[in-house]
Every structure is written in C-alpha cells, then in structure tokens.
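Notes for the one structure printed next.
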Amino acid sequence: EFYQQLPLGSYLPVGHCLESHTREAVLQRLSILLIHRVYPEVLSELQVLAGLSDLGKYTDAERAVLERMIELTNGLATGDKQFAHAVRAIDDSPEVRRLRHTLLALLARRAAAGWRNPQRAARLLWRSSWLMPGGLELAEWKARAR
C-alpha cells in the first residue's frame with residue numbers, strides 16, 4: 001500500500017535531494033520491500049534500478065542500506081525460485097549486476113565473520129547461492145539429484 005503512495009524522495013534521509021541520491025532512494029525502497037517479502041514489488045523496484053544510468057561504485061550510505069538489508073533478511077534467503085529467476089532475467093543491467101555482486105561480497109564477508117560457526121556460515125552462503133554465477137543452476141541440479 002505504501003509502495004504506491006509514498007514518493008521516492010521520502011525514502012531518503014532528511015537533507016538528501018532525490019536528484020543526486022536517486023539510487024540510494026531506490027535501494028532503500030527495495031530493501032524495505034525485500035525485508036517484507038513483497039516479491040512482485042521487489043521485481044518492479046529492480047526494474048527501476050535497471051533503468052538507472054550506470055552510476056559507478058556505491059556510496060557509503062548505499063552500502064549501509066545493503067548491509068542492513070542483508071542483516072534483516074537473514075542473508076537474503078528468499079527461498080523463492082521464481083524470484084531468483086526473475087532477478088537473474090534482468091541481470092543484463094549494469095546496476096542490477098552491480099547490486100548482485102555487491103550483495104554477494106557482503107554476504108561472503110558476513111559468512112567469514114562467522115568463522116566460529118562454520119555450519120551456519122555455510123548455510124548462509126548456500127541459501128544465497130542464487131546470487132552467484134551458476135549458483136541458481138547448481139541449486140536446481142542438486143534438488144533434482146535428490
């Protein structure tokens with residue numbers, strides 16, 4: 001409901017203008033939608049992200065949004081194959097590809113930080129394998145082999 005009603009600029013901290021922080025606002029809205037597992041709207045937001053021009057590396061504020069997203073979604077463990085396929089289908093966009101690569105790096109760092117519990121770290125990476133090149137196909141192959 002709020003996705004339709006709130007303007008994009010309302011997802012920014014006070015003092016940030018939408019013109020110079022559009023990607024940050026899109027990532028924040030994407031994060032909120034993903035945390036609440038509203039997958040159709042997440043895909044719409046990914047399309048918005050895909051439509052942005054290549055803006056280069058993420059700012060510290062954008063990386064903070066992504067780190068919170070990983071923390072609050074239990075490592076992006078969606079468990080939704082249709083969602084994973086849809087994300088991979090728009091991976092030709094530089095912004096979506098950058099998002100996927102950055103999320104994977106942040107997840108790997110989080111898993112490495114949990115070295116005292118290697119099983120938990122391995123589960124985190126496995127649940128997020130759809131982000132890795134070939135990971136989605138590997139997960140489907142393993143499921144068929146069972």
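All figures in this text were calculated on a predicted structure; none of them were measured in a lab.
Between R29 and E24 there is no salt bridge, since none of the side-chain N atoms of the basic residue sits less than 4.0 Å from a carboxylate O of the acidic one. A salt bridge links E95 with R98; the closest basic N to acidic carboxylate O contact falls under 4.0 Å.
Nearest heavy atom pair, residue A25 against residue L18, reads CB-CD1, 4.0 Å. When all heavy atoms are compared, the tightest approach of V96 to L46 is CG2-O, 3.8 Å. Annotation for L49 and S93: closest pair O-OG, 4.4 Å, computed over non-hydrogen atoms. In plain terms, the two heavy atoms of R23 and T59 that are nearest each other are NH2-N, 4.4 Å. Residue Y58 comes nearest to R63 through the heavy atom pair CB-CG, 3.7 Å, listed as atom of the first residue, atom of the second, then distance.
Under a 3.5 Å cut-off, the side chain of S31 and the backbone N or O of L27 do not form any donor-acceptor pair.
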Query - From CA spacing to verdict: side chain to side chain contact (heavy atoms under 4.5 Å, CB included), L99, L66 - result: CA-CA 9 Å; L99 173 66; L66 297 177; 3.5 Å; yes

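I70 contributes atom CD1, which lies 4.0 Å from atom CG of L107 (distance to the nearest 0.5 angstrom). We find the CG-OH distance between L30 and Y11 to be 11.0 Å, quoted to the nearest 0.5 Å.
For the side-chain contact (heavy atoms from CB on, under 4.5 Å) with Q28, the qualifying choice from M69, R68, E45 is R68, the only one to do so.
Looking at heavy atoms from C-beta onward, R97 lies in side-chain contact with H101 at the 4.5 angstrom threshold.
For H16, the ring pair (Phe, Tyr, Trp, His ring centres under 6.0 Å) test picks out H21, with sequence neighbours left out.
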